[in-house]
Every structure is written in structure tokens, then in C-alpha cells.
Chemist: 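The structure's right below; bear with me while I get my questions together.
Note that the structure is predicted; figures quoted are calculated from it, not measured.
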Protein chains: 2
Amino acid sequence: MSNHNHDKCIEAALIEATNICVARNTRFTPLRKKVLELVWSGHNPVTAYELLDMLSDAGRKRVAPPTIYRALDFLIEEGFVHRLESLNAFIGCPDPAHKHHGHFLICRKCRTVTEVKDDALQKNITRAANDLGYSCENNMLEIMGLCHNCKKHSNS
Amino acid sequence: MSNHNHDKCIEAALIEATNICVARNTRFTPLRKKVLELVWSGHNPVTAYELLDMLSDAGRKRVAPPTIYRALDFLIEEGFVHRLESLNAFIGCPDPAHKHHGHFLICRKCRTVTEVKDDALQKNITRAANDLGYSCENNMLEIMGLCHNCKKHSNS
DNA sequence: TGACCAGAGGATAAGTTATAACATATCACG
DNA sequence: CGTGATATGTTATAACTTATCCTCTGGTCA
């Protein structure tokens with residue numbers, strides 16, 4: 001995630017979300033759009049309260065927590081955003097058009113988060129659940145470690 | 001987890017924890033023992049505040065949150081207890097002697113939690129991380145679905 | 001044996017994350 | 001327009017977690 005034109009990421013996410021909402025006839029309101037844009041401010045997780053501050057800085061008059069949480073609920077429901085349970089934080093989904101569970105790589109150093117897309121892995125998870133008599137309706141995998149870049153530049 | 005003698009589960013967990021602490025020369029104090037016992041009161045996750053209430057009911061004078069969190073920190077550190085991130089709750093580990101990451105099946109109906117022990121799955125996870133340039137220092141998998149028993153008895 | 005020290009746990013307060021409950025605004029559609 | 005449904009604003013509070021400071025206890029060692 002080093003030096004790319006991140007504006008493109010944001011723009012792409014907003015356009016795709018817009019298209020999906022049109023297709024589904026759901027309401028991509030200005031607030032929801034703004035929150036999605038803020039979530040996409042980087043490839044790092046952001047917390048609800050960071051979003052709150054960012055929204056306020058962005059010129060709106062200070063909003064209260066429910067405003068953010070409701071927007072996030074919508075964005076998660078539509079698949080535009082994932083929640084990182086181990087961080088109580090949120091991250092934009094790079095592929096909202098395809099329904100999937102959240103599997104993430106989290107760099108403990110630079111906090112970059114990369115989404116894992118691995119069908120074999122998902123199959124393996126479902127299989128493991130079935131082996132023990134459970135159905136798998138939903139699952140989340142969060143892997144903490146060092147990203148490629150931080151591995152190179154560090155000795156810890 | 002239907003009708004087993006759960007006292008055996010509790011007893012086994014306490015004995016194993018005691019042995020491990022002796023081996024490691026760490027202090028399994030009465031408070032820590034009591035908290036572990038309470039965590040093991042069932043095969044369901046318990047929250048920190050539930051433990052707080054349980055401790056108080058158990059005759060002690062009301063303790064404050066840090067007391068519980070410190071005990072939990074110790075128990076987690078020693079591997080006796082896992083934290084379920086998606087529930088902000090805690091569950092006893094059935095195999096504390098062997099270091100491993102937490103992979104769980106959670107029944108959304110009866111809340112029974114079963115720990116998954118699956119080496120192939122862990123290898124698969126590590127491989128997926130490496131494929132994307134990440135190391136895997138730590139990982140957590142939480143699968144939500146219905147357990148065998150609840151599948152049989154329900155139509156939702 | 002007694003001075004010292006480290007670790008455990010009690011007490012208070014505060015920080016962080018999330019939701020309930022109710023009021024108001026806006027939209028969609030007949 | 002009017003009405004119902006959905007979105008957002010507002011206030012308060014619940015739920016979860018940590019920081020800080022202090023006391024007590026049990027072990028170590030001069």
C-alpha cells in the first residue's frame with residue numbers, strides 16, 4: 001500500500017457504492033457517502049469516534065455517536081465496510097459487489113489492513129465447522145503480524 | 001455439550017491450571033482460581049461484568065472491574081482462557097497445555113462455544129497470510145452458526 | 001530478625017465504545 | 001397535499017476497559 005494514488009481508491013469505492021445502491025434501490029445519502037469516504041481515507045482501520053471527529057472537522061456541526069453508528073450499520077449491511085472485531089474499528093471493503101466474510105491481515109506496526117480473498121480458505125473454514133456439527137452462517141478471521149514492508153524495515 | 005457432568009469439566013480445568021502454574025512457577029492465587037472456575041461455569045462465553053456479578057454472588061464483597069480484568073489478563077496470558085472478540089466475552093480453554101490460536105464455533109441460538117482444533121486450517125491460514133506478504137503472529141477465527149442440537153430443533 | 005522489594009489486589013476515577021429512547025426532518029407515493 | 005416510511009438529530013446512559021495510586025503480603029537477603 002506504499003505509494004499509490006489513494007484518491008483513486010476513494011473514488012472507485014464511492015462510485016461502486018453508488019452503483020450498487022442504485023441497483024438495490026437503497027439510499028446512499030450524503031451522510032452515508034461522507035462516512036464511507038472517511039472510512040476510505042486510508043487502508044487503515046478507523047474507529048467510530050475517529051469518524052466522529054473527522055466528520056466534525058469536515059465542517060459539519062458536531063454529530064453524536066448514533067449518527068456514525070447508524071451510517072456504519074448501513075454501510076456494513078450493504079457490504080461497503082467491514083468491522084474489525086479485534087480492533088473495534090472499521091475498514092472499507094474493496095469488493096462490495098461480491099458477498100463474502102471478512103478475513104483480514106493486520107500489520108501490527110503500520111496498521112495497514114489487507115483483505116484476504118481466498119476461496120480455499122473459506123471452504124476449509126466451513127468444512128471445519130461442519131466437521132463439528134455446526135453450520136457456518138458467518139465468520140471472521142483476523143490475522144495479526146507484520147506486512148511485507150514492515151518486515152523488511154524492522155528487527156522486531 | 002448436552003448432558004454431561006460439567007463438574008468434571010470444571011475440576012479438570014482447575015487441576016490442569018494448577019499443574020501448569022506449578023510448572024511455570026506462576027501464582028495461581030485464590031482469586032485467579034475462582035475467576036477461572038466461574039469462566040468454566042458453562043460452555044458459554046461470559047462477559048467481564050457477568051464475572052463481576054458472579055464473584056459478588058459467590059459471597060465476596062463486591063469487587064471492582066480492574067480486579068476481574070487483571071485476573072482475566074493472567075488467565076489469558078497463561079492460556080487458560082480465550083477472549084472472544086466478536087462478543088467481548090471470555091471462555092475457558094480446554095487445552096491450555098498446548099499453545100494455539102483461538103478458533104471458535106459459536107451457536108447463535110444456545111450460545112454454546114466449541115473450540116476448533118484443526119492443524120490443517122491453521123496451516124491454511126498461515127499460508128494465506130504469507131501469500132500476501134504478511135507474517136502470522138497471531139490469529140483469531142470466530143464462526144457464527146447453529147450447533148448440531150439447535151439445527152435439529154429449530155426452523156430458523 | 002528485620003529491612004527491603006516485588007507482585008497481587010483494593011479503591012477511585014476516567015477513558016473508550018456502543019445503544020436506547022425520543023424528537024424532528026425528509027422522502028416517496030397515492 | 002397528506003400520510004407512512006425512512007433517515008437523522010439529540011440526550012442520556014449502558015457496557016467495556018484502563019490508569020493511577022495505595023496497601024498488604026510473602027519472600028529474600030544482609
Chemist: Taking only the side-chain nitrogens and oxygens of B:Lys33, find out if one of them lies under 4.0 Å from OP1 or OP2 of C:dA8.
Modeler: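 It does not, given that no N or O in the side chain of B:Lys33 lies less than 4.0 Å from OP1 or OP2 of C:dA8.
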
Chemist: Could you check how far CZ of A:Arg62 sits from P of D:dT8, rounded to whole Å?
Modeler: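 Interatomic distance, CZ of A:Arg62 to P of D:dT8: 18 Å.
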
Chemist: As a test of reading the structure: which of D:dT18, C:dT19, C:dG9 is closest to the side chain of B:Leu31, going by heavy atoms?
Modeler: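 Taking heavy atoms from C-beta onward, the closest nucleotide is C:dG9.
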
Chemist: Taking CG from B:Leu51 and C1' from C:dG9, how many angstroms apart are they, rounded to a whole number?
Modeler: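 That distance rounds to 16 Å.
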
Chemist: To the nearest Å, how far apart are A:Asp73 CG and C:dA18 P?
Modeler: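 After rounding, the reported distance stands at 11 Å.
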
Chemist: Does a side-chain N-to-carboxylate-O contact under 4.0 Å join B:Asp57 and B:Arg62?
Modeler: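 Here B:Asp57 does not pair with B:Arg62 in a salt bridge, since their nearest N and O are not under 4.0 Å apart.
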
Chemist: Quick check: any donor-acceptor pair below 3.5 Å linking the side-chain of B:Tyr49 to the base of D:dA14?
Modeler: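 It does not, because no donor-acceptor pair links the side chain of B:Tyr49 to the base of D:dA14 below 3.5 Å.
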
Chemist: Taking atom C1' of D:dA7 as reference, at what distance in whole Å does atom CZ of A:Phe28 sit?
Modeler: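 For the pair A:Phe28 CZ and D:dA7 C1', the rounded distance is 15 Å.
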
Chemist: Does the side chain of A:Lys61 get closer than 4.0 angstrom to OP1 or OP2 of D:dT10 through an N or O atom?
Modeler: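 It does, given that an N or O in the side chain of A:Lys61 lies less than 4.0 Å from OP1 or OP2 of D:dT10.
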
Chemist: Check salt bridge (Lys or Arg N to Asp or Glu O under 4.0 Å) between A:Arg32 and all other residues, then give those that pass, not counting sequence neighbours.
Modeler: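 Result, salt bridge (Lys or Arg N to Asp or Glu O under 4.0 Å) vs A:Arg32: none returned.
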
Chemist: So do the side chains of A:Asp118 and A:His103 get within less than 4.5 Å of each other, counting heavy atoms only?
Modeler: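 Not touching, per the 4.5 Å side-chain cut-off.
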
Chemist: D:dC16 C1' sits how many Å from B:Glu50 CD, rounded?
Modeler: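 The distance from CD of B:Glu50 to C1' of D:dC16 comes to 12 Å, rounded to the nearest Å.
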
Chemist: Tell me: CD of A:Glu85 to P of C:dT16, nearest whole Å?
Modeler: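 About 20 Å, once rounded to whole Å.
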
Chemist: Nearest whole angstrom, please: distance from the C1' of C:dA18 to the CG of A:Leu87.
Modeler: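 Atom CG in A:Leu87 sits about 16 Å away from atom C1' in C:dA18.
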
Chemist: What contact category does A:Thr67 fall into here, base, sugar-phosphate, or nothing, at under 4.0 angstrom with non-hydrogen atoms?
Modeler: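 Base: the residue A:Thr67, judged by heavy atoms under 4.0 Å, touches a nucleobase.
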
Chemist: Is A:Asn88 near enough to C:dA18 that one of its side-chain N or O atoms lies under 4.0 angstrom from OP1 or OP2?
Modeler: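 For C:dA18, OP1 or OP2 has a side-chain N or O of A:Asn88 closer than 4.0 Å.
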
Chemist: Nearest of C:dA8, D:dC16, C:dA18 to any side-chain atom of B:Tyr69?
Modeler: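 Nearest listed nucleotide: D:dC16.
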
Chemist: Let's test your reading of the model: under 3.5 Å, does the base of C:dG7 pair with the side chain of B:Arg70 as donor and acceptor?
Modeler: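 In this structure, the two groups form no donor-acceptor pair.
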
Chemist: Please state how far atom CG in A:Asn25 lies from atom C1' in C:dA28, giving the value in whole angstrom units.
Modeler: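 It works out to 10 Å between those atoms.
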
Chemist: Check whether any side-chain nitrogen or oxygen of A:Arg32 sits under 4.0 Å from OP1 or OP2 of D:dT6, and answer yes or no.
Modeler: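 Looking at the OP1 and OP2 atoms of D:dT6, neither is under 4.0 Å from any side-chain N or O of A:Arg32.
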
Chemist: Which sits closer to the 5' end of DNA chain D, B:Ala48 or A:Ala64, going by the nucleotide each is nearest to?
Modeler: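 Counting from the 5' end, the first nearest nucleotide belongs to A:Ala64.
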
Chemist: Measuring from the side chain of A:Thr47 (C-beta onward, heavy atoms only), which nucleotide among D:dT8, C:dT17, C:dT19 has the closest atom?
Modeler: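 Ranking D:dT8, C:dT17, C:dT19 by closest atom to the A:Thr47 side chain puts C:dT17 first.
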
Chemist: Would you call the rings of A:His4 and A:His43 parallel, tilted or perpendicular, where under 30° means parallel and over 60° means perpendicular?
Modeler: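 Judged by the thresholds at 30° and 60°, the geometry between A:His4 and A:His43 is tilted.
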
Chemist: Is B:His101 atom NE2 crowded by more than 12 heavy atoms from other residues, nucleotides or ligands, each under 6.0 Å away?
Modeler: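 Yes - once you tally the heavy atoms of other residues, nucleotides and ligands closer than 6.0 Å, there are more than 12.
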
Chemist: Ignoring backbone atoms, establish whether A:Arg27 has a side-chain N or O less than 4.0 Å from OP1 or OP2 of C:dC27.
Modeler: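 For A:Arg27, the contact criterion (side-chain N or O under 4.0 Å from OP1 or OP2 of C:dC27) is not met.
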
